[in-house]
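Input: a single structure, listed below in structure tokens.
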Amino acid sequence: MPITDLPVELLLDHVLPALDLHSHLALAQTSKFFAALCSDDTFWRLKLKRDYNFTSNADTARESGWKVIYKGIRRPSVYTWGNAGQGRLGVKGLPKQYRSGVPFPVKVDIKARIVSLVAGGWSFHALDDAGRIYVWGQLLGEGYALGQDGFSDACKCAPTPHRLQVNYPAPEPTDEAASRPVKFTALSCGRAHSAALDSENNAWLFTSWGRPIQLTSPLIHDPGNPAEALVQVECGWGFVSMLNRSGMVYVYWPGTPGEEFRRAIDSLNQTLDESREHKASSVEVGDEDVIPCTSLAISVPPLALPLIPEDLPDLSSADPAGGSFEATVDASGKVVESHHSDQGLRLVRIGAGDDFIVGLTNKGHVLAIDLWGGGHTAPEGTEWLKEQWRTRRRPGWVYLPQYSEVEQVKQNPVFASDSGVQPPTKMKITHVAAHFNSFTAYSVSKSTSPHASLVLLGKKDTDTTTRELTFPQTIYPSLLQESIISLQLGDYHQAALASNGRLYTWGQYSDGALGLGDPVELPLGAPGGYTRQQDLNVARDGRRWAPPQGVSDPSEVRFDHLIKRDDQLGERKPSKKFVFSVAASGWHTGALVIDLDGDATEENAGLKGKAAEENDDRALFDSWYPPPANRPMPGGWPFQLPSTGVPHASNQPPAEHDSHDPYSTFESPPFNPHASGNPSSSSSGQHPLPGPPYSTQGPNPPIRHGPGVQRDGAGGGPTFAPRFGLAVERGRGGLRGNTGRVPAGLAAFMPQHPPAPTLPEGHPEHRGSEE
């Protein structure tokens, strides 16, 4: 049987994952069909998770661009900005004028490939591709630790990134016997604590960096019942919440004195303190600072929140996608369960703020629950809160129609008849997030019509008499035109990430948390700068300094503020950046960034007034090279392909920053399955299969986009219309729509298979990407 007769689902879910990257790239060169198949976004998303432990997609609504991220994630950069107190930016040697806050992105020197970044009240936490956690700043910033203290003290400061060496708990807290290391897959931060999920779906809590706590209650970890496995941990202001696969939510308050959970933590800490051998002081291992942690285990049961209401309205008529396809992916990236959304109403995402949680159902309902009192000491507390719900003196989950129903959203003043802004006609919320007193609910282009995305922001407003939660709604018109895939909230500022890699911030200045530039150097009236010449002059004179006004409209963050002018070469052109993850909290912000030009310049040299110098390994980015042994190799098109319309390599810099995938370095024509090559018989209306016009335009003809090609953000490759044997649309774990077999006649139109490409001379043999 020809391989093209196999169902597309089989090829995508079983055949392609079994190939190493070398074979995958060779297969993509054989035909337009396999070029399209090997560019499938869901395949690259799962490959990112499997090869690089990349789990940031859980916090974003990204639908495309996974191949671009895979290609660039070999050398991602970590940037931070905002308040510099407690060492939270992870950068040493800040000039005097920036010691309180840095108003533009600065690069963090970290010896790891970071794939996920989250922010705490005074800290950052990062996850690398090996499942290890790096931290910097202070977990608890409202105190100080002595130099002799270790990281068992939550106030101990890590001014630069430190790696946590975490093993599973030993039988006894004081047992020195080494146990197997933990591989983490997800992180979340509260104000003064953090939480994580590991590859075995265990939940972990950090009340200090030196003593992580594995939460072993059977309510949240039952290996024999995968239907109850945890899918998300989310830290609120003072609590940690956990969502399982069936939609149940559980909560711990680690800082409440007198509660059973806090007593268990204090008891274990006292045992370790008495031994005086488990301070978790940092040590140098190679070129890294490592914190040797002592892991604890606590089996105290958490508080189970009430079930969501069963009488929620039907929102399917407003869903642009109709019945959405859902999938569950295990820690290895394999699809372990798939089902349609009509199999029962349940929570699928949560966001946690200060004494409240927002939830999102698989049908698009947004709900909220008030947790006030649960983290208090007697007479309040968890038992008191349960009694409040049991006696109905306080409601459980409350439905928020103004964030769920399109007709309610249309009532927002932004869509008034005289505003000129077209209201949405269809909508389904796909993501929620919360922090402090704010939360956001947003949807992407496939779930919103006619806008690129719809971002709804709410501010908690509590009636002091009835304790009723209300969330007044705010919509920013400028974000309607951007395909927003992630939105993070600080105390008084916000950050929105678009699918094309652009990052936008707005809100209060907050010691530079907006990252829009030094207000003293910005032009008058620029976002992030001063609005009055008098204030600007005073700030430039250095006599006194007042923060500039806040920014009301989302403004783009640049990453070239420290690029200095070279006296001989003139102004250096900044390299193009692609942001693929953002984190915000308190008065600081961070981002994970790919350099699209392969420029490894040490941009922080500008902080010291030095000319920027190129790193010696820049040449490595100009051509593909093998990874270290037993490590994945980034994807791409490293070899010149035949001039038959197949995607090809390009050593030219990407196109200028625009809205139609400016980051792809390859192009391919629309797919025409018709044997005759008749444009009239193809949905593209242009470009037949291999043959004229390509063969008549020289050995390396330019490849044009036909009207059938849709370029989407940082998609890393065109969306083919129609995708023929491929599905019309691919969900998060499989195909939906017309997923029939590829017609056998397709093989007749494939070009001759070129010989397998060879690696550049001088490089060791590639061993494959599967470990």
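Quick note: numbers below take in every heavy atom, side chains included, and nothing from hydrogens, waters or symmetry partners.
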Quick one: does Ile475's side chain get under 4.5 Å of Val455's, heavy atoms only? no
Distance only, no hydrogens: is a donor on one side chain within 3.5 Å (strictly under) of an acceptor on the other, for Tyr492 and Trp587? no
Ala583 and Val118: which non-hydrogen atoms are nearest, and at how many Å? CB-CA, 3.7 Å
Please report the interatomic distance OG(Ser438) to CG(Leu489), rounded to the nearest 0.5 Å. 6.0 Å
Rounded to the nearest 0.5 Å, what's the gap from NE2 on His451 to CG on Leu479? Could you check? 12.0 Å
Phe580 side, atom CZ; Leu592 side, atom CG - distance, nearest 0.5 Å: 4.5 Å
Can Arg113 and Asp128 be counted as an ion pair, charged N to O under 4.0 angstrom? no
Does the pair Phe559 and Val106 meet the rule for a side-chain contact (heavy atoms from CB on, under 4.5 Å), with working shown? CA-CA 8 Å; Phe559 293 83; Val106 290; over 6 Å; no
Apply side-chain hydrogen bond (donor to acceptor under 3.5 Å, both in side chains) to Asp491 and His435, showing your working. CA-CA 7 Å; Asp491 285 2; His435 173 75; 2.8 Å; yes
Nearest heavy-atom contact between Ala119 and Phe124 is CB-CE2, 3.7 Å
Rounded distance (nearest 0.5 Å) linking atom OH of Tyr504 with atom CG of Leu497: 9.5 Å
Do Tyr134 and Ile114 have side-chain heavy atoms sitting under 4.5 Å apart? yes
What do the steps show when you test Thr440 against Leu456 for side-chain contact (heavy atoms from CB on, under 4.5 Å), and what is the final call? CA-CA 6 Å; Thr440 179; Leu456 311 174; 5.7 Å; no
Might you work through the salt bridge (charged side-chain N to carboxylate O under 4.0 Å, His left out) test for Lys111 and Glu288, ending with a clear yes or no? CA-CA 7 Å; Lys111 309 299 183 183; Glu288 288 186 330; over 6 Å; no
Give a yes or no answer on whether the side chain of Thr430 reaches the backbone of Lys428 with a donor-acceptor pair at less than 3.5 Å. no
Do Thr505 side-chain atoms and Ala495 backbone N/O form a donor-acceptor pair below 3.5 Å? no
Would you call the rings of Tyr98 and Phe104 parallel, tilted or perpendicular, taking 30° and 60° as the class edges? perpendicular
Spacing of NE2 belonging to His493 relative to CD belonging to Gln508, to within rounding of 0.5 Å: 10.5 Å
For His125 and Ser194, which I'm curious about, is there any donor-acceptor pair between the side chains at under 3.5 Å? yes
Checking Thr80 side chain against Leu89 main chain: does a donor-acceptor pair fall under 3.5 Å? yes
Using every non-hydrogen atom in the two residues, find where Ser486 and Val582 come nearest and quote the distance to one decimal. OG-CG1, 4.1 Å
Can you check whether Trp136 reaches Thr160 side chain to side chain, under 4.5 Å on heavy atoms? no
Please find the pair of heavy atoms, one from Ala584 and one from Gly490, that lie closest to each other, and give the distance. CB-N, 4.1 Å
Does Glu482 offer a backbone N or O that forms a donor-acceptor pair with the side chain of Ser453 under 3.5 Å? yes
Closest non-hydrogen atoms of Leu117 and Ala126, given as atom of the first, atom of the second and distance, are CD1-CB, 4.0 Å
Should Asp595 and Lys577 count as an ion pair when the cut-off is N to O under 4.0 Å? yes
Please evaluate residues Phe184 and Leu127 with respect to the criterion side-chain contact (heavy atoms from CB on, under 4.5 Å), reporting the C-alpha separation (whole Å), side-chain torsions for both, the decisive distance (0.1 Å), and the verdict. CA-CA 8 Å; Phe184 293 98; Leu127 186 69; 3.7 Å; yes
d(Trp81 CH2, Leu516 CG) to nearest 0.5 Å is 9.5 Å
Before giving the answer on side-chain contact (heavy atoms from CB on, under 4.5 Å), spell out for Val579 and Tyr79 the whole-Å C-alpha distance, their side-chain angles and the decisive distance to 0.1 Å. CA-CA 10 Å; Val579 181; Tyr79 286 84; over 6 Å; no
Shortest non-hydrogen separation from Ser39 to Ala35 and the atoms involved: OG-O, 3.0 Å
